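Got a structure for you, questions after.
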Amino acid sequence: MGAITFYEKERIFQLDTPKSTYVIGIVDEENFVGHVYYGKKIKDGRVGYLLRTAEAPFVPSKNNGERVSFLDSFPMEYPGNGLGDYRRSSIAVRTQGGHAAVALSYVSHKIYPGKPALPGLPATFGDAESCETLELLCEDGVLGLKVTLLYTAFTDVDVITRSVRIENQGEALYLTKALSFSMDMDNRDFSLLTLHGSWGRERMMERRRVGHGFMGVESVRGESSHQDHPFMALEAEGAGQSSGEVYGIHFVYSGNFIGQAELNQFDKVRVSMGIHPENFCWKLERGESFQTPEVVLTYSDTGYEGMTHNLHDLYRSHLIRSPYKDKKRPILINNWEATYFDFDTEKLLAIARQASKLGIEMLVMDDGWFGHRNDDTSSLGDWYVNEEKLKGGLKYLVDEVNKLGMKFGIWFEPEMISPDSKLYREHPDWALAVPGRTGSLCRNQYVLDLTRREVLEHTYESVAKILRSANIEYVKWDMNRQLTDIGSLGLPADRQGEIYHRYVLAVYELQERLVTEFPQLLLENCSGGGARFDPGMLYYSPQIWCSDDTDAIERLKIQEGTALIYPLSTMGAHISDCPNHTVGRVTLFETRGHVALAGTFGYELDITKIPEEDVKQIPAQVEMYHKYNDLVRGGDYYRLASYAGNHMYDCWELVSKDKTEALVTFVQVLGRPNYKSRRILLKGLDADKYYRIEGLDGVYAGDTLMYAGILVENPWGDFQSRLYHLTEVLN
Ligand code: DGJ
């Protein structure tokens with residue numbers, strides 16, 4: 001049997017992953033598509049009786065007098081709008097007649113191995129061996145709308161993905177809402193875990209009990225944002241870090257989104273996610289179609305730990321495509337916190353010379369190398385080299401860096417335009433703008449109207465031309481403001497509601513072209529830190545700058561929230577100088593190294609100016625990175641303690657897939673008087689294996705380490721850290 005089974009007589013679809021099952025039922029003569037079950041794997045999915053359809057006159061075909069009661073309680077897989085289901089709909093329209101109603105019924109289905117790509121969109125992928133897809137074709141006969149619900153069940157990871165294709169075969173209409181997924185479940189005293197933040201403190205975890213009414217997360221900022229994250233986890237009563245039932249819901253998209261949970265009068269919870277309907281209005285002419293982005297669903301009966309492992313495995317194997325995805329990334333040194341805008345060739349080469357001697361492998365030149373940009377008030381859009389700063393030009397600098405045995409990387413912010421730029425003087429209409437309104441500046445810049453073909457082409461060429469001009473092996477693609485002034489001269493009045501989504505599609509197109517023309521390029525996305533850290537961007541870049549806050553202690557919380565759903569190999573993390581530029585804290589250089597080790601690892605400081613005792617530690621840190629990075633990138637991640645929760649210390653562990661090796665990082669944040677040691681229970685080891693811990697005497701059994709633990713001798717001072725490296729001992 002494949003991953004997807006259709007029970008024809010019962011009209012049931014059963015989707016199986018290794019440890020979970022998802023069941024959909026077709027009900028009544030009207031062919032309603034109902035959600036029956038999602039949870040722990042069951043052998044036989046013929047549980048349609050749970051939909052109560054046997055209780056005629058419950059169904060409307062037998063009792064139309066109670067149609068509204070039916071629609072308002074039936075667990076619809078993709079709820080329509082305006083006809084009796086008073087909960088949140090997934091799709092809504094505006095017809096020529098001005099009506100909003102949609103009702104969908106099942107027509108036919110297809111089941112096939114593998115997974116289709118989603119045109120123009122990032123999405124998870126899999127071959128015939130690793131997944132199977134179900135397409136449920138539904139229809140609204142009145143509108144002439146064909147709606148295909150796409151489901152893929154993975155056979156190597158506990159994940160089901162969903163998206164929707166909407167095709168108009170009737171009169172032209174406007175889609176005013178097109179979510180990617182909805183699911184109705186019986187409430188099990190669910191709580192909702194979401195991630196929130198701001199600049200410099202992204203992805204802080206927050207839990208709320210699901211109550212009556214609705215709650216959720218959203219962004220209407222044109223990007224996934226610092227503030228909210230396109231992710232929700234539903235946690236059943238009693239679930240925790242390593243036990244209990246958790247449902248993870250994650251959106252593979254980088255623009256406006258909404259994720260919601262709604263508890264109704266019958267103690268049912270409807271969860272849904274998709275493009276935010278606010279300011280969304282997409283015209284569909286007859287024959288046109290709209291593809292929603294994809295939602296990833298994962299079920300875990302081993303708490304958040306299982307959810308984290310599922311998402312990490314999915315993204316590592318079925319989303320990230322870069323040639324670097326399974327490779328060590330070059331250890332980089334970035335000059336942003338080292339020099340900000342104040343640099344020239346000589347300064348950069350001085351940094352590179354010193355860095356290369358210490359084992360650092362790549363110099364990244366950040367903001368300020370183009371136009372006449374000496375601060376953030378000018379030149380975005382003028383992507384030509386400032387030869388006053390870079391005497392001899394870019395190629396000379398790159399060649400000199402290469403001669404030192406280092407790679408060279410460069411910063412761009414391609415989506416933006418400064419009013420003080422040659423580009424703006426030539427094309428003032430290329431910025432997003434609402435006619436008659438003064439545009440809102442943010443960091444002194446406007447957003448380019450990438451929905452216009454000529455703007456997109458120009459933007460691509462500006463970046464590509466620079467990359468073609470020298471041996472540039474890495475790009476940091478930044479985006480330092482959120483969208484406003486949603487208006488495009490390239491679109492007619494009735495398509496202005498498409499701008500937010502078209503903008504995101506344009507960013508995807510640009511990045512797709514970039515990684516196609518430069519297939520060996522290491523691309524790192526960034527948005528004022530981590531405002532566009534989402535699965536959509538991971539499809540194009542294997543790593544994303546996590547946050548502009550590089551303080552090791554603040555990073556504990558940021559990296560915990562990020563690693564909850566993203567593999568450590570994706571988290572841009574650097575060692576910076578102290579006092580930290582964001583919070584002014586002074587931490588040990590060693591601790592900063594241990595924290596950055598949990599991400600991509602690099603430096604962001606002026607290596608020619610930092611204290612000699614810090615410089616001396618760099619070769620050992622470089623060695624540490626090379627020694628542990630395979631484990632950090634490919635291992636299973638376990639959260640052993642959370643500073644965000646206990647306010648005292650943080651601890652995480654990585655275990656190799658074959659359980660022969662593990663690395664535990666412990667960070668003491670606040671010392672506690674008269675408390676000299678702490679017992680830490682390890683996780684994920686093989687109970688029957690024996691391990692040696694580097695630097696300690698003796699051999700420890702896996703079960704001892706997991707159930708009895710290790711003793712961390714509490715460091716005396718704040719902000720100290722310890723690494724414990726475990727390797728299997730064979731008898
Ligand atoms: C925001 C990024 O997050 C920083 O690392 C840096 O590249 C600045 N932008 C440059 O303007």
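Worth saying up front: this structure is predicted, and the values here are computed from it rather than measured. Sequential numbering from 1 along the given sequence is applied to the chain's residues. For ligands, and for the atoms within them, numbers begin at 1 and follow the listed sequence.
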Under 3.5 Å, side chain of Thr345 to main-chain N/O of Lys391, donor-acceptor pair present? yes
Between Arg425 and Asp420, is the closest basic N to carboxylate O distance under 4.0 Å? yes
For Trp411 and Trp383, take the angle between the two ring planes, folded into 0 to 90°, and tell me which bin it lands in: parallel under 30, tilted 30 to 60, perpendicular over 60. tilted
Consider only side-chain N and O atoms of Glu454 and Trp430, and report whether a donor and an acceptor are under 3.5 Å apart. no
Less than 4.0 Å from some atom of ligand 1, heavy atoms are found in residues Trp336, Asp366, Asp367, Trp411, Arg443, Lys476, Asp478, Asn480, Cys526, Gly528, Gly529, Trp545, Asp548
Would you mind checking if Glu512 and Arg321 are paired as a salt bridge, meaning a charged N to carboxylate O distance below 4.0 Å? yes
Which residue pairs pass the salt bridge (charged side-chain N to carboxylate O under 4.0 Å, His left out) test when at least one of the two sits in residues 608-624, sequence neighbours left out? Asp606-Lys609
